[in-house]
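Accompanying notes for the structure given below.
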Amino acid sequence: MKKLRCVKGMHDILPEDISKWHYIENSFRALVGRYRYEEIRTPILEPLDLFIRGIGETTDIVEKEMYAFSDKGNAQLALRPEGTASVIRAFLQNNLDSISTISKLYYIGPMFRRERPAKGRYRQFYQAGAELIGVEEPSADAEIIAMAVHFVETLGIENVTVQINSLGDEDTRPRYRQALVEYFSKLQDNLCTDCIRRLDTNPLRILDCKVTGCAKAGAEAPSVLDFLTRDSSQHFEKLQEYLSLYNISFNVAPGMVRGLDYYTRTIFEIQGAGELLGAQSTIVGGGRYNGLVKQLGGRETPTIGFAFGIERLLLLLGEGANHLKSNFAFVAGVGNGDVTRAIIVAEQLRRSGINVDVPYKQGSLRAQLKRADKSGAVVAIIAGEDEYCRNAVTLRNLKTGEQQEVHLDTLAEKIRELM
RNA sequence: GUGAGAAUAGUUCAAUGGUAGAGCCCCGGCUUGUGGUGCCGGUUGUUGCGGGUUCGAAUCCCGUUUCUCACCCCA
């Protein structure tokens, strides 16, 4: 029979890696908790329309990457490709604004995009993110960026850069886009074929192109910052002052663009360096989306947030986080009634809060100790016929090989000393 | 959606047109109540799948599937 495998672009997270996932998730929860953000969990399946309206009909995500389908009742559904739209939907549906004018929410969970898989990119991948809803002031932008930066720092990931930019208000983007098209159209001979196509599809991306001709042309291109309104410009200035307050170094990257339509004013990315990430460099992305709540049927509500990809963090994390496995003991039974005796002793220890493995099947003591050693147990308890008559077992330290006979009453205590 | 590379034992990899092999892992023994190191022995394959060339194909050719990486775009 053909071997079953999981769906393309999806992956299993195995026990040997899970401690890193816990480490990342726990660190994230602890960090955003300190800023008083609270967790929200939303369904993975949402009405298709939520993402079309929220993310934008012409974005790559909606146009060609969405897992969209109709169910047996003919409802149009989609697996969520990102977290923000769902959080805002839940915010509106549950009238969270009636509880407080400011909502601070975070989420962790799987997202789905039907792309061609590559290093650091999956069709089901995990994101964790935070949203600060209801604050217009640049202090909110700064807090969001600071949390993201501090989080990456907490994990011990180095060599990252913070890129920030402002896309201005709703009217800025079309005017700027127009200006870029006019500018690059005159220089078409210098552009690569990709960028000539981008002239139609996404002229902002030309600024990101690494081909020398394009980079040269891009250097003289008009800057989005010159198209900002006075308010947006001041907002951006103020943000940079706040970031200094948080002690965060950053680059202003006027060429940076983001893939979702809903962004206004501040956008930012944290990028990792080196080959660990493959062709991917963005590990955290975020920005402000003042129009989104209204777009989804609420009243105009300023909002800013970020999300990061857990798999990408994992690529940068290395082996650092794998020390979290908890120690455990192994009970071996010997002599008449060996397995039953092992189970009785094991169960007594578990009730005292110790993690214990048992051999399940009869075997020589040698075989049992071998198994104990391979499984990584720190101590072995030999529940032998002889010592059990004295209400005792043999406690063996598997690191040093030292062993002693211990009475059952003090066994748990002695084991704790060794673990 | 486009392009490139890969696919042989559970795993890592050999075998350059002539009998499919090794290390590791696993299991057993040396050691009947003492693991790790050592020694001895053992299990394991439609060479991804389908076709073609050939006396003969893991090897050459065509197709196909899957994986990986890159483009596009993004976390």
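Protein chains get the first letters and strands the later ones, always in sequence-line order, with residue 1 at the start of each.
Looking at A:Q368, its side chain has no donor and acceptor atom pair within 3.5 Å of the base of B:G33. Residue-to-nucleotide contacts include no donor-acceptor pair under 3.5 Å from the side chain of A:R5 to the base of B:U66. Between the side chain of A:Q280 and the base of B:A70, no donor-acceptor pair under 3.5 Å is found. No hydrogens or angles were tested; on distance alone, a donor-acceptor pair under 3.5 Å links the side chain of A:R312 to the base of B:C74.
Atoms CE (A:M256) and C1' (B:C74) sit 13 Å apart, rounded to a whole Å. One atom, CZ of A:R114, and another, C1' of B:A75, lie 19 Å apart when rounded to the nearest Å. A:I382 places its CD1 atom 9 Å from the C1' atom of B:G35, with the value rounded to the nearest Å. In this entry the distance linking CE of A:M66 with C1' of B:A75 reads 17 Å, nearest Å. Remark: P of B:C74 and CD1 of A:I267 are 10 Å apart, rounded to the nearest angstrom. Protein atom CD1 of A:I381 is 18 Å distant from nucleotide atom P of B:U34, rounded to whole Å. A:F268 has its CZ atom 12 Å from the C1' atom of B:A75, to the nearest Å. Separating the NZ atom of A:K119 from the C1' atom of B:A70 is a distance of 13 Å, rounded to the nearest angstrom.
The residue A:I310 sits apart from the nucleic acid: no heavy atom pair falls under 4.0 Å. Residue A:Q403 is classed as a base contact, given a heavy-atom separation below 4.0 Å to a base. Looking at heavy-atom distances under 4.0 Å, A:T59 makes no contact with the nucleic acid at all. Residue contacts shown for A:E269 are absent, as no nucleic acid heavy atom lies under 4.0 Å away. Note on A:G120: a base of the nucleic acid sits closer than 4.0 angstrom, heavy atoms only.
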Expected rows: protein N/O vs nucleotides 36-38 of chain B N/O, under 3.5 Å:
unit_1: B:G36; atom_1: O4'; unit_2: A:D373; atom_2: OD2; d: 3.2
unit_1: B:G36; atom_1: N2; unit_2: A:L398; atom_2: O; d: 3.4
unit_1: B:G36; atom_1: N2; unit_2: A:K399; atom_2: O; d: 3.0

Check nucleotides 5-7 of chain B for protein N or O atoms closer than 3.5 Å to its own N or O atoms and list the pairs.
none

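Remark: the backbone N or O of A:G120 is paired with a side-chain donor or acceptor of A:R312 at under 3.5 angstrom. No donor-acceptor distance shorter than 3.5 angstrom exists from the side chain of A:K20 to the backbone of A:L314, with no hydrogens or angles considered. With hydrogens and angles ignored, the 3.5 Å screen pairs no side-chain donor or acceptor of A:T42 with any backbone N or O of A:I40. The closest donor-acceptor contact from the side chain of A:E115 to the backbone of A:E65 lies at 3.5 Å or more, if one exists at all. The closest donor-acceptor contact from the side chain of A:Y183 to the backbone of A:A217 lies under 3.5 Å.
A:F112 meets the ring pair (Phe, Tyr, Trp, His ring centres under 6.0 Å) test with no other residue; sequence neighbours excluded. In this structure, A:H407 has no ring pair (Phe, Tyr, Trp, His ring centres under 6.0 Å) partners at least two apart in sequence or on a different chain.
Comparing the same atom, P, in B:U68 and in B:G52 gives a spacing of 32 Å after rounding to whole Å. B:G63 and B:G41: their C1' atoms are spaced 46 Å apart (whole Å). For the C1' atom pair drawn from B:A58 and B:A15, the interatomic distance equals 8 Å after rounding to whole Å. Rounded to the nearest Å, the gap between the C1' atom of B:C49 and that of B:C13 is 23 Å. For B:C61 and B:C74, the C1' atoms lie 40 Å apart once the distance is rounded to whole Å. Going from the C1' atom of B:C71 to that of B:U59 covers 32 Å, rounded to whole Å. When the P atom is compared between B:C60 and B:G17, the two are found 8 Å apart, to the nearest whole Å. Using P as the reference atom, B:G10 and B:U47 are 12 Å apart when rounded to the nearest Å.
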Using the rule given for ring pair (Phe, Tyr, Trp, His ring centres under 6.0 Å), can you reason through A:F250 versus A:F268, listing the C-alpha separation, both sets of side-chain angles and the distance that settles it, and then say yes or no? CA-CA 10 Å; A:F250 55 88; A:F268 76 101; over 10 Å; no
Run the numbers on A:T282 and A:E269 for side-chain hydrogen bond (donor to acceptor under 3.5 Å, both in side chains), then give the verdict. CA-CA 6 Å; A:T282 306; A:E269 280 182 12; 3.1 Å; yes
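When each of A:C6 and A:Y122 is assigned the nucleotide of RNA chain B bearing its nearest heavy atom, the one mapping closer to the 5' terminus is A:C6. Where A:V257 and A:G335 each meet RNA chain B at their nearest nucleotide, the meeting point lying more 5' is that of A:G335.
The side chain of A:E115 approaches B:C73 more closely than any other nucleotide in the set B:G33, B:C73, B:G3. With B:A75, B:U34, B:G3 as the candidates, the nucleotide lying closest to the side chain of A:L365 is B:U34. Side-chain proximity of A:R113 to B:G33, B:C74, B:C69: nearest is B:C74.
Between the side chains of A:Y37 and A:E143, at least one donor N or O lies within less than 3.5 Å of an accepting N or O.
Salt-bridge formation is detected for the pair A:E347/A:R350: a Lys NZ or Arg NE/NH1/NH2 atom is positioned less than 4.0 Å from an Asp or Glu carboxylate oxygen. Look at A:E136 and A:R265 and you find a salt bridge, because one of the NZ, NE, NH1 or NH2 atoms lies within 4.0 Å of a carboxylate O, short of that distance.
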Per-nucleotide pairing state of RNA chain B [Watson-Crick or G-U, under 3.5 Å; [ ] pseudoknot-crossing; | other strand]: (((((((..((((....[..)))).(((((.......))))).....(((((..]....))))))))))))....
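For the pair A:R341 and A:Y388, the distance from NZ or CZ to the six-membered ring centre is under 6.0 Å and the angle to the ring normal is within 45 degrees.
Taking a centre distance below 5.5 Å and an interplanar angle below 30 degrees as the stacking criterion, A:F125 stacks against the six-membered base ring of B:A75.
Residue pairs that meet the side-chain hydrogen bond (donor to acceptor under 3.5 Å, both in side chains) test with at least one member in residues 373-386 of chain A, sequence neighbours left out, do not exist here.
For the atom pair CG of A:L180 and CZ of A:R173, the computed distance is 12.0 Å after rounding to the nearest 0.5 Å.
Dashed line: the shortest gap from a side-chain N or O of A:K8 to OP1 or OP2 of B:C67 is under 4.0 Å.
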